[in-house]
Amino acid sequence: MTNIASRTERNAAVKYSPADIEAKWQGRWAADQLYKAEDSVPGKENWYALTMFPYPSGDVHIGHWFAYTPADAHARFMRMQGYNVMHPQGFDSFGLPAENAAISRNIDPREWTIANMDNMRRQFNLMGASYDWSRELATCLPDYYRWNQFFFLKFFEKDIAYRKNGAANWCPKDQTTLANEQVKDGACERCGTTVVRREMPQWFFRITDYADELLEMDSIDWPEKIKVMQRNWIGRSTGVTIGFDVSEYVEAGDADKIQTFTTRIDTVYGVTFVVLAPEHPLAETLTQPGQKAEVDAYIENARKQSEIERTSTEREKTGVHTGAFATNPLNGEKVPVLIGDYVLATYGTGAVMGVPAHDQRDFIFAKKFGLSIRVVVAPDGWSGEALAEAYIAPGTQVNSAEFDGLPSQEGMQKIADKIEANGWGSRTVTYHLRDWLISRQRYWGTPIPILYCDNCGTVPVPEQDLPVLLPENVEFTPTGQSPLTLDDDFVNTTCPNCDGAAKRETDTMDTFVDSSWYHLRFTSPGLMEEPFDSERVKQWVPVHQYMGGAEHAVMHLLYSRFFNKALRDIGFVEFDEPYARLFNQGTLTRDHMKISKRANPLNPEPIVERFGTDTLRCYLMFLGPWDQGGDWSDQAINGISRWLHRVWDLTLRDTTDPTQSDPKAERELERMSHVTTGRVVTDMKQFKFNTTIAALMEYTNDLSRIADSNGVSRETWTSAIERLLLHLAPLAPHIAEELWQQTGHRYSVHLQSTPDWDEAKATSDTETIVVQINGKVREQLQLPAGVSEDAALEAAMASEKVQRYTDGSEIIKKIFVPGRLMNIVVRPGR
RNA sequence: GGGGAAGUGGCGAAAUGGCAGACGCGCAUGCCUUAGGAGCAUGUGUCUUAACAGACGUGUGGGUUCGAAUCCCACCUUCCCCACCA
């Protein structure tokens with residue numbers, strides 16, 4: 001028998017020391033390419049586990065750990081569930097931070113980015129993630145971005161990409177245009193600077209052509225929250241476009257109607273004015289000589305204001321008369337035309353019919369400018385009095401000619417019918433979604449492969465000339481125009497059509513173009529002839545499980561869906577959606593505050609040094625449900641550290657005495673083992689890492705108790721420990737591998753399968769039946785499993801505690817829930 | 001203004017119609033130890049009680065049900081997204 005002293009000595013010698021084992025196994029796994037995914041493995045289904053790839057900012061911070069290590073645990077779990085798993089990683093490596101860092105340090109963004117990627121690859125390895133690094137990609141390399149250019153040319157050919165002059169969102173700090181999705185509360189999503197509008201020719205992708213299809217999300221298993229955000233962003237609304245005649249003010253042949261869009265055509269008889277956005281093309285045409293000075297000043301002023309100022313709801317409404325009048329086709333009335341900046345040029349038709357009685361904004365505007373207010377949809381019991389505010393709800397049509405007396409919902413249809421029958425307008429669908437503006441006036445991005453030739457106009461770069469390389473040694477300090485403009489060697493070229501002089505497009509692409517299809521490239525790393533191999537894409541995509549933050553709901557996730565559909569329509573892929581399932585992790589906070597480098601830094605490396613990677617991984621997963629984020633505590637990580645130490649000691653402890661095996665203990669351990677596996681498997685599938693770990697902690701506690709009591713055979717004990725290690729492997733891969741080896745198993749624990757689970761073995765021989773009297777718990781009985789109602793009732797009535805509440809009372813009702821409870825409803829006797 | 005998520009011990013949380021607080025942190029008491037950023041054991045929702053035991057308890061107020069943290073209605077609070085969207 002092992003005596004206490006020698007056991008202590010032995011344990012001391014093999015104390016759990018993460019630093020000693022983690023680097024060792026990381027090296028071994030890498031050397032063996034343990035996580036390299038084959039394109040297909042007989043008898044195994046493919047599982048593409050993808051996390052949103054990082055921007056190479058230079059450091060892998062704790063937020064990356066929170067996003068990536070649970071995702072890795074899930075991928076590892078799926079591998080042990082029998083799938084052929086691909087879990088790639090790469091770098092979203094074009095973009096502004098590199099350029100800004102390069103400017104402030106006076107170095108090349110390429111060097112900065114490459115150095116960061118090297119550093120981050122090393123730090124990623126500290127996480128012990130099961131990445132298949134053989135598939136690594138970086139979007140800033142010509143091997144990758146040439147395919148952005150390739151797709152751009154295909155899109156251009158099919159008119160999915162087009163160039164248009166117009167007002168664009170401009171960030172004065174970053175000195176570039178921004179897509180609508182990148183403007184938050186009127187400010188640049190990246191730097192927070194207030195965005196202004198600027199007229200310039202820009203390249204767009206026709207995402208609006210796909211608006212209706214993008215609304216269709218039944219086939220994808222995504223969080224409802226993201227679907228709702230996308231739906232709101234696309235912002236489909238149905239209504240009627242109707243023209244107000246202004247022909248007396250325009251030259252013959254020009255547009256002679258102000259087109260307005262409304263969702264409330266039932267109120268059209270209440271129109272008392274028409275308002276144009278300051279940017280509306282008719283604004284200047286319609287302005288009468290007497291109003292010119294005032295209108296010009298107003299438009300000029302509106303142009304100077306930022307979006308944030310213009311769209312503030314707090315702000316008082318402003319406007320100016322044009323002096324012109326427009327005719328309402330329904331009643332022939334002439335109503336004044338005004339210009340007001342509460343009308344947005346970018347939504348609907350850029351002009352609205354003013355119905356002050358039934359729209360609060362129009363109401364305020366009318367009050368201010370003394371315009372008349374006419375009720376045409378009457379609230380219940382309305383008897384002609386003036387309104388204190390706009391009446392928005394449905395009601396009964398009044399002052400609406402032949403439609404008087406109709407419920408307004410019905411009026412809406414009938415009026416629309418009349419308008420269409422007379423050719424005054426038509427039912428229309430409008431979207432909040434705008435086409436995707438992809439031009440950026442910055443250096444560190446994919447050059448747009450277009451030439452401008454004096455003779456031939458806009459000419460696409462021939463495919464065989466790709467890639468259009470991003471030149472080196474360019475002066476890229478932002479000046480408001482694209483840095484590439486300054487590089488004469490880059491700009492000046494010859495036209496492939498006429499051999500005449502041509503100039504290159506100098507804008508680069510939005511980096512969201514890069515991330516729109518990277519998941520396809522991971523299937524075909526290093527392929528030179530094509531962006532990806534169609535056969536391999538078919539094997540892996542749609543991505544089975546995509547994981548990442550919700551901040552990309554209406555940017556990356558929407559763009560990528562669009563890109564997929566566009567690729568489908570030009571014949572590159574066959575499926576409709578890029579990501580079949582999506583999981584959004586929440587945000588990690590510390591003391592309920594956002595973790596920032598300045599205020600409350602939390603660097604993973606010192607934590608790894610002190611506790612080990614496995615402890616940090618498990619702690620991040622133990623904080624709470626992954627989708628709800630988590631709050632970091634410096635203290636609580638000790639709990640995980642203690643647990644892993646206990647697992648270590650327990651596994652290596654010489655514990656069993658074969659002469660003392662007790663059948664009851666054997667059976668109980670078997671039951672606990674199967675219960676644990678059941679919990680782990682269901683919870684891991686659902687990303688419920690916190691309860692998975694709780695289940696394993698309970699199992700560890702149970703095993704400790706059994707070890708102390710020396711009650712099971714060596715075989716039973718060994719297989720219980722095996723089970724613990726197999727469940728631990730996805731969560732804490734290093735300690736699991738080390739203990740797997742030390743307990744005499746063959747490398748590698750990560751190539752094993754999830755242990756079997758038998759529900760029958762997980763059931764207990766006895767069960768606890770709770771006895772309630774009138775819904776209150778009064779007794780707990782240990783009864784044989786599967787006890788019948790009658791037997792349970794008999795046992796309950798035999799209990800003194802129960803009798804105390806039932807004696808002298810009339811039993812009205814009994815509810816028996818097998819395996820759970822017996823509720824006895826009594827009426828007290830008198 | 002519109003949409004969404006959430007509210008449970010001192011803290012992170014569990015339980016999604018059936019024993020509220022699993023698991024962990026923290027705290028308390030004890031043990032061990034040449035003492036550590038250790039380890040082990042026991043306890044730890046609130047109130048009443050010497051104790052046995054009992055009452056109360058999942059943001060607030062109602063409801064459905066034998067039974068509600070969980071379902072329904074109204075309200076309060078917090079967070080997130082969108083927003084002069086016609």
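Side chains included, hydrogens not; waters and symmetry mates left out as well; all remaining heavy atoms used. Residue numbers start from 1 in every chain, and the chains themselves are labelled A, B, ... in the order their sequence lines are given, proteins ahead of strands.
- With rG54(B), rA83(B), rC66(B) as the choices, the nucleotide that has an atom nearest any side-chain atom of N823(A) turns out to be rC66(B).
- Both the sub-6.0 Å distance and the 45° axial angle are satisfied by R778(A) relative to the ring of Y805(A).
- No side-chain donor from either of T676(A) and H727(A) sits under 3.5 Å from a side-chain acceptor of the other.
- Using modelled atom types and a 3.5 Å distance limit, the side chains of N328(A) and Y269(A) yield no donor-acceptor pair.
- With a 6.0 Å radius and a threshold of 12 heavy atoms from other residues, nucleotides or ligands, K685(A) has its NZ atom at or below the threshold.
- Nearest nucleotide to the side chain of V228(A), out of rG18(B), rG37(B), rG3(B): rG3(B).
- Expressed to the nearest 0.5 Å, how far CG of D683(A) lies from NZ of K688(A) amounts to 5.0 Å.
- Taking only side-chain atoms of A694(A), from C-beta outward, the nucleotide of rC23(B), rC25(B), rA13(B) with the closest atom is rC23(B).
- An OP1 or OP2 oxygen of rA15(B) is reached within less than 4.0 angstrom by a side-chain nitrogen or oxygen of K688(A).
- Listed pair N701(A) / rG24(B) meets the phosphate criterion, a side-chain N or O lying under 4.0 Å from OP1 or OP2.
- Applying the 4.0 Å criterion to OP1 and OP2 of rC56(B), one finds that K776(A) has a side-chain N or O inside that range.
- Spacing of P atoms, rG10(B) relative to rU48(B), comes out at 16 Å, to the nearest Å.
- Heavy-atom contacts from other residues, nucleotides or ligands closer than 6.0 Å to CZ of R427(A) number more than 12.
- When the side-chain nitrogen and oxygen atoms of K225(A) are compared with OP1 and OP2 of rA5(B), none of them lie within a distance under 4.0 Å.
- Separating the P atom of rC75(B) from that of rC80(B) is a span of 23 Å, rounded to the nearest Å.
- With L623(A) as the partner, the side chain to side chain contact (heavy atoms under 4.5 Å, CB included) test is satisfied by one option alone out of I693(A), T589(A), L588(A): L588(A).
- Counting distance only, with no hydrogens placed and no angle test, the side-chain atoms of E224(A) and the base atoms of rG4(B) include no donor-acceptor pair under 3.5 Å.
- The side chain of Y805(A) places an N or O atom within less than 4.0 Å of a non-bridging phosphate oxygen (OP1 or OP2) of rG54(B).
- The distance between atom CD1 of I234(A) and atom C1' of rC85(B), rounded to the nearest whole Å, is 15 Å.
- In the set rA20(B), rC66(B), rA86(B), rA86(B) carries the atom at the smallest distance from any side-chain atom of V352(A).
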Collect all protein-nucleotide pairs involving nucleotides 39-45 of chain B in which both atoms are nitrogen or oxygen and the distance is under 3.5 Å.
unit_1  : atom_1 : unit_2  : atom_2 : d
rG39(B) : OP1    : R642(A) : NE     : 3.2

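- Looking at the side chain of K317(A), the nearest of the listed nucleotides rA86(B), rA13(B), rC84(B) is rC84(B).
- In this structure, CD of Q628(A) is placed 10 Å from P of rA15(B), rounded to the nearest angstrom.
- Phosphate proximity of rC82(B) to H432(A): absent, as no side-chain N or O sits under 4.0 Å from OP1 or OP2.
- One finds no side-chain N or O of H358(A) lying less than 4.0 angstrom from the OP1 or OP2 phosphate oxygen of rA86(B).
- Between Y619(A) and W632(A), a ring centre-to-centre spacing shorter than 6.0 Å is recorded.
- Nucleotides rC84(B) and rU78(B) are separated by 24 Å at their P atoms, to the nearest Å.
- Between the side chains of Y298(A) and T318(A), at least one donor-acceptor pair of N or O atoms lies under 3.5 Å.
- A donor-acceptor contact under 3.5 Å is not formed by the side chain of R231(A) with the base of rG3(B).
- For the pair M621(A) CE and rA13(B) P, the computed distance is 17 Å after rounding to whole Å.
- One finds no side-chain N or O of N774(A) lying less than 4.0 angstrom from the OP1 or OP2 phosphate oxygen of rG67(B).
- Judged purely by distance below 3.5 Å, without hydrogens or angles, the side chains of T768(A) and Q782(A) pair a donor atom with an acceptor atom.
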In dot-bracket form, 5' to 3', how is RNA chain B paired? Count Watson-Crick and G-U wobble pairs only if both distances fall under 3.5 Å, and write | where the partner sits on another strand.
(((((((..(((.....[....)))((((((.......))))))((((....))))..(((((..]....))))))))))))....

